[in-house]
Amino acid sequence: MLRNIKTKSKLLLFPLGFIIIISIFAFVYIHYSNSANRQNEVYSKTDELIQNLLKGRISVYQFLRAPNQDTQNKIIENFNTLDSSNAELNKLLTVEANKQLSVEISKLSKEYVEYLNLFSPSLINNFKNGIKEESAEIKEIIAKMVKTGLELEENIRIIHERAKILKYKSNDLLNMILIILGACSIGIFIIFSLLVSNVITKSLHNFKDGLLSFFLYLNKS
């Protein structure tokens with residue numbers, strides 16, 4: 001097929017083909033690069049969840065030591081921030097199991113704050129009146145709240161570990177893709193160079209043979 005194409009057209013086909021292949025390689029690299037960046041962002045968001053949960057637990061400790069409206073509002077603020085981070089994380093997730101885990105984290109976070117709102121008015125009132133002993137009802141609610149908090153912490157830990165694994169896998173895959181594309185690009189460049197060289201060499205030989213034939217014809221004449 002290539003024999004029927006003019007030499008000039010052949011020479012134009014090689015760089016055109018090279019550009020097309022490199023464009024395909026670039027598309028593949030960008031795809032995997034975006035995937036790796038997405039997993040890095042997911043990992044960063046799960047790290048935010050851990051930090052927000054830590055802030056929330058510290059604010060709970062401060063509330064239990066000095067129950068008042070301000071310390072209660074601080075807890076609610078911290079868990080609202082945690083919920084916002086989790087909502088942003090959920091938008092980035094692609095694995096269904098992780099999306100379900102994110103939903104469970106949101107549910108547990110709200111449940112945790114609900115338990116807080118159940119006993120906080122009584123605790124604040126008792127603290128104002130100098131009553132330090134917690135009632136059986138308050139202790140029961142706090143126990144449920146602690147259990148919910150532990151489940152919340154465990155779910156955040158799990159999603160963080162999963163995100164870390166996916167992050168490393170994505171980065172390793174991206175590095176492998178980059179190496180493969182680099183090797184393929186070099187190989188294709190060498191092949192194209194050899195093909196172009198052969199076309200040029202053959203054209204020069206044909207030109208030389210044509211000149212020799214022309215001069216032989218003149219000598220015979």
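For the pair Glu96 and Lys99, the minimum side-chain heavy-atom distance is below 4.5 Å. Within the 4.5 Å cutoff, the side chain of Leu49 has no heavy atoms near those of the His160 side chain. Under the 4.5 Å side-chain criterion, counting only non-hydrogen atoms from C-beta, Asn155 is not in contact with Ile159. Put simply, the side chain of Lys167 does not reach to within 4.5 Å of the side chain of Val42, judged on heavy atoms.
Side chains of Asn68 and Thr71: a donor on one and an acceptor on the other come within 3.5 Å. For Thr148 and Glu111, the side-chain atoms include at least one donor-acceptor pair closer than 3.5 Å. Judged by distance alone, the side chains of Glu41 and Asn37 never bring a donor and an acceptor atom under 3.5 Å apart.
Hydrophobic cluster membership is shared by Leu64 and Ile138, with clusters built from Ile, Leu, Val, Met, Phe, Trp and Tyr side chains linked at under 4.5 angstrom. When hydrophobic clusters are built by joining Ile, Leu, Val, Met, Phe, Trp and Tyr residues whose side-chain heavy atoms come closer than 4.5 Å, directly or via intermediates, Val146 is grouped together with Ile156. Both Ile158 and Leu89 belong to a single network of hydrophobic side chains, linked directly or stepwise wherever heavy atoms of I, L, V, M, F, W or Y lie under 4.5 Å apart. Note: the hydrophobic cluster containing Val60 does not contain Phe127 (ILVMFWY, side chain heavy atoms under 4.5 Å, direct or indirect links). No continuous path of ILVMFWY side-chain contacts below 4.5 Å connects Ile165 to Ile50, so the two sit in separate hydrophobic clusters.
Put simply, CD on Glu137 and CD1 on Ile142 are 11.0 Å apart, with the number rounded to the nearest 0.5 Å. To the nearest 0.5 angstrom, Asn86 atom CG is 8.5 Å from Leu93 atom CG. Atom OH of Tyr112 sits about 8.5 Å away from atom CG of Leu150, to the nearest 0.5 Å. With values rounded to the nearest 0.5 angstrom, Glu151 atom CD is found 12.0 Å from Ile105 atom CD1. Note that CG of Asn90 is 8.5 Å distant from OG of Ser106, once rounded to the nearest 0.5 Å. Between Ile177 atom CD1 and Ser170 atom OG the span is 11.5 Å, to the nearest 0.5 Å.
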Test side chain to side chain contact (heavy atoms under 4.5 Å, CB included) applied to Lys107 and Val103, step by step: CA-CA 6 Å; Lys107 176 185 171 185; Val103 171; 5.6 Å; no
Salt bridge (Lys or Arg N to Asp or Glu O under 4.0 Å) between Glu154 and Arg157, worked out: CA-CA 5 Å; Glu154 178 63 14; Arg157 185 194 67 79; 2.7 Å; yes
Working for salt bridge (Lys or Arg N to Asp or Glu O under 4.0 Å), residues Lys45 and Glu48: CA-CA 5 Å; Lys45 285 295 179 185; Glu48 277 185 28; 3.7 Å; yes
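Side chain of Asn129 to backbone of Asn125: a donor-acceptor contact under 3.5 angstrom is found.
Summarising the local packing, CZ of Arg57 is surrounded by 12 or fewer heavy atoms from other residues, nucleotides or ligands at distances under 6.0 Å.
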Output a table of donor-acceptor pairs, distance under 3.5 Å, between side-chain atoms of residues 76-83 and any protein atom two or more places apart or on a different chain; print 'none' if there are none.
from: Asn78; atom 1: ND2; to: Lys55; atom 2: O; distance (Å): 3.3
from: Asn78; atom 1: ND2; to: Ser59; atom 2: OG; distance (Å): 3.2
from: Asn78; atom 1: ND2; to: Lys74; atom 2: O; distance (Å): 3.2
from: Asn80; atom 1: ND2; to: Ile76; atom 2: O; distance (Å): 3.3
from: Thr81; atom 1: OG1; to: Glu77; atom 2: O; distance (Å): 3.0
from: Asp83; atom 1: OD1; to: Ser109; atom 2: OG; distance (Å): 2.8

Sequence neighbours left out, cut at 3.5 Å: what donor-acceptor pairs do the side chains of residues 113-123 make with other protein atoms?
from: Asn117; atom 1: OD1; to: Gln72; atom 2: NE2; distance (Å): 3.1
from: Asn117; atom 1: ND2; to: Val113; atom 2: O; distance (Å): 3.3
from: Ser120; atom 1: OG; to: Gln72; atom 2: NE2; distance (Å): 3.0
from: Ser120; atom 1: OG; to: Leu116; atom 2: O; distance (Å): 3.0

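Here Lys164 pairs with Glu161 in a salt bridge; the nearest charged N to carboxylate O distance falls below 4.0 Å.
Heavy-atom minimum distance, Gln39 versus Leu166: OE1-CB, 3.4 Å.
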